[in-house]
Q: 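I have a structure I would like to understand better, so I am pasting it below and will then ask my questions one at a time.
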Number of protein chains: 2
Amino acid sequence: MGFSIGELSRRTAVKVPTIRYYERIGILPAPRRTEGRQRRYDEDAVARLAFIRHARELRFDLDAICTLLSLQDNPDHSCAQADEIAKARLVEVDKRIAALGALRTELRRMIEECACGRVAECRVIETLADTSHEHGVLARS
Amino acid sequence: MGFSIGELSRRTAVKVPTIRYYERIGILPAPRRTEGRQRRYDEDAVARLAFIRHARELRFDLDAICTLLSLQDNPDHSCAQADEIAKARLVEVDKRIAALGALRTELRRMIEECACGRVAECRVIETLADTSHEHGVLARS
DNA sequence: CCTTGAACCTATAGTCACTATAGGAAATAG
DNA sequence: CTATTTCCTATAGTGACTATAGGTTCAAGG
């Protein structure tokens, strides 16, 4: 008749404190409790938590996941919004990959050109100290 | 005879609260003050803050930047440590790019296969709900 | 000299998505 | 019945800022 939070954690590979956190912020419904106030879950909880975990692996933020979950609960609804969220995520990922590619190029150049002697001639430090470059954006994504 | 925090902000493209934050955590030295306790900076502060900003653009964490700054202050020291930090960063970036590439592939497949009708047939939701996949890692990098 | 308004000051709390800790209670195995 | 494991809540910490509140100082114009 239902299983513990530890068991749910094992079944979904989501850590126990994270499950409690998800409940606290309302992304996972509060389950029923034993007489001693311990949580007892069912298969529905496994499914919902697995959904969240997979979406988190794809780096959807919890806000987006909230929307996706509520869509899932309404199968007759249009899925345009889900599509939109996924597409927005793809755009972010594309941007991030491009930014990281540029970053990698700069790091490689820094490292290659460093003769690895004294700091005075270190290309890594020199590059960072160089103020002649453009002010890029410090985007988070 | 020195300039204000607002001027330093304009010259380095680092926001005023961020500059104060950097001072608080000790990554930027406390500057001298006017009689009215307002901060007054010089060119050295510009250089140091520009260094930090550039390193942040390359996503070095503040801890690594701290080390790099102390290296910069000792030009006769070996730059092996700087090299090491930069190489570690490169490894992280490589990993992140690989992970994001995989993520992009999955997002694209999800989006392409979605007929964009009702949620019941939505490939996006379906993919997220699918529990048959491997438990990947939720690495931060 | 006086006023206005922008820029400055500190201290504190909030962000995101958790993670860690403390101090205790319940469940389960032997 | 005891020992061990797992569970509970509440709170604080993470990184790197960002935002807010409530007050002070500075520079310029009149």
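Here is the naming used below: chain letters follow the sequence lines, and residue numbers restart at 1 for every chain.
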Q: To the nearest angstrom, how far is A:Q38 atom CD from D:dC7 atom C1'?
A: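 Spelled out: CD on A:Q38 to C1' on D:dC7 is 4 Å.
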Q: What is the distance, rounded to the nearest whole Å, between atom CD1 of A:I19 and atom P of C:dT19?
A: 12 Å
Q: Rounded to whole Å, please give me the gap between CZ in B:F3 and C1' in C:dA7.
A: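 Roughly 16 Å, once rounded to whole Å.
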Q: Is the phosphate of D:dC17, meaning OP1 or OP2, less than 4.0 Å from a side-chain N or O of B:R56?
A: yes
Q: Establish, with yes or no, whether the OP1 or OP2 oxygen of C:dC8 is under 4.0 angstrom from a side-chain nitrogen or oxygen of B:S4.
A: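 Yes, such a contact exists.
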Q: Within less than 4.0 Å of OP1 or OP2 of C:dT19, is there a side-chain N or O belonging to A:R24?
A: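 So the side-chain polar atoms of A:R24 never come under 4.0 Å of the phosphate oxygens OP1 or OP2 of C:dT19.
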Q: What do the steps show when you test B:Y21 against B:L28 for side-chain contact (heavy atoms from CB on, under 4.5 Å), and what is the final call?
A: CA-CA 9 Å; B:Y21 166 72; B:L28 201 61; over 6 Å; no
Q: Answer with yes or no whether the hydrophobic clustering places B:I25 together with B:F51; edges join I, L, V, M, F, W, Y residues whose side-chain heavy atoms lie under 4.5 Å apart.
A: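 Looking at the clustering, B:F51 is in the same group as B:I25.
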Q: If you compare every side-chain N and O of A:R37 against the phosphate oxygens of D:dC7 (OP1, OP2), does one of them come in below 4.0 Å?
A: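 For D:dC7, OP1/OP2 do not have a side-chain N/O of A:R37 under 4.0 Å.
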Q: So what does A:I5 hit on the nucleic acid, given a heavy-atom distance under 4.0 Å: a base, only sugar-phosphate, or nothing?
A: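 Result for A:I5 = sugar-phosphate.
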Q: In whole angstroms, how far is the P atom of D:dT6 from the CZ atom of A:R20?
A: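 From A:R20 CZ to D:dT6 P: 13 Å.
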Q: Rounding to an integer number of Å, can you tell me how far B:E7 CD sits from C:dA7 C1'?
A: 12 Å
Q: D:dC17 phosphate, OP1 or OP2: any side-chain N/O from B:Y22 under 4.0 angstrom?
A: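 Indeed, a polar side-chain atom of B:Y22 lies that close.
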Q: Rounded to the Å, how far apart are B:E35 CD and C:dC8 P?
A: 18 Å
Q: Counting just side-chain N and O atoms, does B:R39 come under 4.0 Å of either OP1 or OP2 of C:dC9?
A: yes
Q: Would A:R40 pass as a cation-pi partner of A:F3, given that its NZ or CZ must be under 6.0 Å from the six-membered ring centre and within 45 degrees of the axis?
A: no
Q: Indicate yes or no: does B:D73 engage B:R48 in a salt bridge with an N to O separation below 4.0 Å.
A: yes
Q: I want to verify a distance call: between C:dC8, C:dT19, C:dT28, whose nearest atom is closest to the A:K15 side chain?
A: C:dT19
Q: Output the rounded distance in Å from OH (B:Y21) to P (D:dT20).
A: 19 Å
Q: Heavy atoms under 4.0 Å, any strand shown: does B:D61 hit a base, just sugar-phosphate, or nothing?
A: sugar-phosphate
Q: Has B:T34 got a side-chain N or O lying under 4.0 Å from the OP1 or OP2 atom of D:dC26?
A: yes
Q: How close or far is atom P of C:dT19 from atom CD of A:E23, stated in whole angstroms?
A: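 Computing the A:E23:CD to C:dT19:P distance gives 17 Å.
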Q: Check step by step if side-chain hydrogen bond (donor to acceptor under 3.5 Å, both in side chains) holds for B:Q72 and B:H77.
A: CA-CA 9 Å; B:Q72 196 192 23; B:H77 207 288; over 6 Å; no
Q: Within the structure, does a side-chain N or O atom of B:R33 lie under 4.0 Å from either OP1 or OP2 of C:dT10?
A: yes
